[in-house]
Amino acid sequence: MEAREGGGAGGPAGGALRLGASSVKVAAAVEAWFAEAARPLPWRTSPRDPYLALVSEAMLQQTQVSRVVGRFAEFLVEFPTIEALAAADESRVLALWSGLGYYRRARSLHAAAKAVCAGEMRETDKGDTDGRTAPAFPRRADELGKLPGVGPYTAGSIASIVFGERSPLVDGNVARVLLRVHGREGHLADKATATWLWERADELVQAATSPALLNEGLMELGAMVCSPASPKCASCPLAKACRARAEGRQREIPAPRPRAKQRDLYCGVVLAHDPRRGVLVEQRVGEPGGKGVAGRMWAGMWQAPTLERADRAPTRDEVGIWINLDIEPDAERFEHGTTHRRVFFEVWRARVGAGGIKPARGRWMSRAKVAELALSNPQRRILCEL
DNA sequence: AAAGCGGGGTT
DNA sequence: AACCCAGCTTT
């Protein structure tokens with residue numbers, strides 16, 4: 001491989017260490033650093049396994065490594081191979097995703113496993129498979145990007161890190177590293193900035209000795225050294241090349257993103273427990289349907305019957321009439337925050353006596369089975385801890 | 001282009 | 001309490 005800036009020109013007249021002219025050096029520094037500093041993570045097997053990469057990348061979207069490690073292991077116990085995942089019921093896949101959030105990722109991952117195992121990617125299989133993995137597993141970023149839930153970042157990641165393709169990758173970590181090194185303002189969320197970032201990432205991966213080491217090294221550098229609030233420039237392999245560092249602007253680049261506006265949601269929950277029949281649960285509407293004040297949040301997840309309002313909490317009377325059960329006078333309250341919502345829960349216990357009154361909705365299920373369902377964290381708290 | 005989607009780690 | 005996280009899909 002060769003650096004695209006083609007070197008003959010010596011240094012630029014300015015004499016400064018310009019990244020465009022030194023992509024080879026920057027890439028080499030990142031690769032050398034990562035070869036020494038890489039954390040041992042469960043998906044960093046040697047050789048890399050495309051299925052493990054697919055699962056880990058899905059879990060890692062907008063989710064920190066420390067949150068993923070344990071869940072990754074549990075997931076693989078139940079779905080050790082892509083064939084096992086493809087053959088699974090979606091309800092089990094979602095259940096294994098419980099608490100991780102962004103539940104569409106679980107559906108997409110499941111669909112991607114099915115697509116690979118169904119041979120839909122067969123045209124990319126040029127025979128050179130190792131027999132360990134599904135023969136149809138796509139190897140190029142452009143083919144990987146056709147899988148559900150696999151966007152530009154994930155496609156570039158699997159293609160380069162697992163299969164060694166010279167394809168770039170930009171995630172939040174890489175964006176921060178590149179913006180700082182170049183001393184450039186902007187966010188990955190800006191179109192123009194994103195285009196610029198992907199171009200810089202491409203320059204580096206073209207200049208790298210190992211696309212895998214470079215790309216994973218850039219991410220690791222962003223996570224471990226070039227961190228958002230307190231970058232550890234003293235131990236950074238790119239410190240000498242970093243423009244933000246030279247200008248003392250590490251803390252200001254990138255500028256904070258505009259805050260997402262939070263909307264309020266009020267949930268009146270009925271917790272009905274009958275020693276003989278178990279607890280009353282219902283399933284939220286699934287992926288396409290998603291109407292109502294909560295949009296598509298927690299689509300398809302299970303819950304104790306929950307009455308939602310956008311403006312105020314449902315009253316005890318409203319909840320009682322809605323569920324058609326006799327409920328206790330007082331509720332237990334807690335708040336649950338997400339990026340876009342503040343959700344206020346009021347949990348009303350129902351008196352499920354011998355009256356034979358039939359609740360207006362939901363079905364009875366044993367507590368043991370409920371614990372195995374796909375539950376959001378607040379609903380797990382209600383159903384399993386209250 | 002912007003909104004929507006979970007939940008928690010870090011500072 | 002901000003700000004962010006190995007982003008993607010839908011509107």
Side-chain angles (χ1 to χ4, degrees), chain A residues 34 38-39 41 43-44 52-72 94 97-109 111-112 144-158 160-162 168-177 187-194 197 201 212 215-224 226-231 251 254-263 265 284 287-288 290 293-301 335-343 374-381:
Chain A
F34 182 67
R39 290 169 290 177
L41 294 173
W43 47 89
R44 288 181 175 168
L52 300 190
L54 184 66
V55 173
S56 64
E57 293 295 354
M59 288 189 174
L60 286 163
Q61 288 167 6
Q62 295 294 286
T63 307
Q64 294 174 165
V65 168
S66 61
R67 278 277 301 139
V68 166
V69 171
R71 306 303 301 269
F72 177 81
L94 264 181
W97 211 270
S98 254
L100 270 177
Y102 285 157
Y103 298 99
R104 183 170 51 197
R105 296 182 294 172
R107 303 172 192 279
S108 296
L109 173 61
L144 284 158
K146 296 176 182 173
L147 293 171
V150 177
Y153 158 75
T154 304
S157 177
I158 297 176
S160 63
I161 295 172
V162 178
L169 125 191
V170 178
D171 73 334
N173 291 308
V174 175
R176 188 171 52 254
V177 170
H187 300 104
L188 182 51
D190 310 330
K191 177 79 163 97
T193 304
L197 282 165
N215 281 343
E216 203 162 18
L218 282 173
M219 289 192 284
E220 188 89 341
L221 193 61
M224 305 303 293
C226 196
S227 46
S230 56
R251 289 294 312 265
R257 280 222 273 175
R259 287 273 292 165
K261 47 182 180 294
Q262 278 185 319
R263 277 186 297 164
L265 179 66
R284 296 176 70 86
E287 194 51 51
V293 291
R296 289 184 172 76
M297 192 166 56
W298 296 317
M301 307 292 283
E335 183 179 339
H336 175 82
T338 79
T339 301
H340 297 272
R341 306 241 184 208
R342 286 190 309 167
V343 190
L375 301 172
S376 68
N377 266 9
Q379 289 289 343
R380 182 171 298 281
R381 174 173 174 176

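By convention in this document, chain letters (A, B, ...) are assigned in the order of the sequence lines, proteins followed by strands, and residues within each chain are numbered from 1.
Dashed line: the shortest gap from a side-chain N or O of A/Gln62 to OP1 or OP2 of C/dG7 is under 4.0 Å. Side-chain nitrogen and oxygen atoms of A/Asn173 include at least one within less than 4.0 Å of the OP1 or OP2 phosphate oxygen of C/dA6. The side chain of A/His336 places an N or O atom within less than 4.0 Å of a non-bridging phosphate oxygen (OP1 or OP2) of B/dG7.
With DNA chain C read from its 5' end, the first of the two nearest nucleotides for A/Gly145 and A/Arg44 is the one closest to A/Arg44. Between A/Ala229 and A/Arg105, the residue anchored nearer the 5' end of DNA chain B, judged by the nucleotide with its closest heavy atom, is A/Arg105.
Comparing atom distances between the A/Lys261 side chain and each of C/dA6, B/dA3, C/dC8 picks out B/dA3 as nearest. Checking B/dG7, B/dC5, C/dA6 against the side-chain heavy atoms of A/Thr338 singles out B/dG7 as nearest. Among B/dT11, C/dC8, B/dG6, the nucleotide with an atom closest to any side-chain atom of A/Trp298 is B/dG6. The side chain of A/Arg296 sits closest to B/dC5 out of B/dG7, C/dA6, B/dC5. Of the candidates C/dA6, B/dG9, B/dT11, the closest approach to any side-chain atom of A/Gln64 belongs to B/dG9. You'll find that the side chain of A/Arg104 is closest to C/dC8, out of C/dC8, C/dA6, C/dG7.
Between the CH2 atom of A/Trp97 and the P atom of C/dG7 there is a distance of 13 Å, given to the nearest Å. In this structure, A/Tyr103 places its OH atom 18 Å from C1' of C/dT9, rounding to the nearest Å. To the nearest angstrom, C1' of B/dC5 lies 6 Å from NE2 of A/His340.
In the model, A/Arg176 has a side-chain atom that pairs as donor or acceptor with a side-chain atom of A/Asn173 under 3.5 Å. Of the N and O atoms on the side chains of A/Glu57 and A/Tyr153, at least one donor lies less than 3.5 Å from an acceptor on the other residue. Side-chain atoms of A/Arg71 and A/Thr63 include no donor-acceptor pair closer than 3.5 Å.
A heavy-atom distance below 4.5 Å is not found between the side chains of A/Trp298 and A/Leu375.
B/dA3 and C/dA6 are spaced 24 Å apart, taking the P atom of each and rounding to whole Å. A distance of about 23 Å separates the C1' atoms of B/dG8 and C/dT9, rounded to the whole Å.
Remark: the A/Thr63 side chain and the B/dG6 base include a donor-acceptor N/O pair separated by less than 3.5 Å. Donor-acceptor pairing under 3.5 Å, judged by distance alone, is absent between the side chain of A/Arg341 and the base of B/dC5. Taking 3.5 Å as the limit, the base of B/dG7 and the side chain of A/Thr339 contain a donor-acceptor pair of atoms between them.
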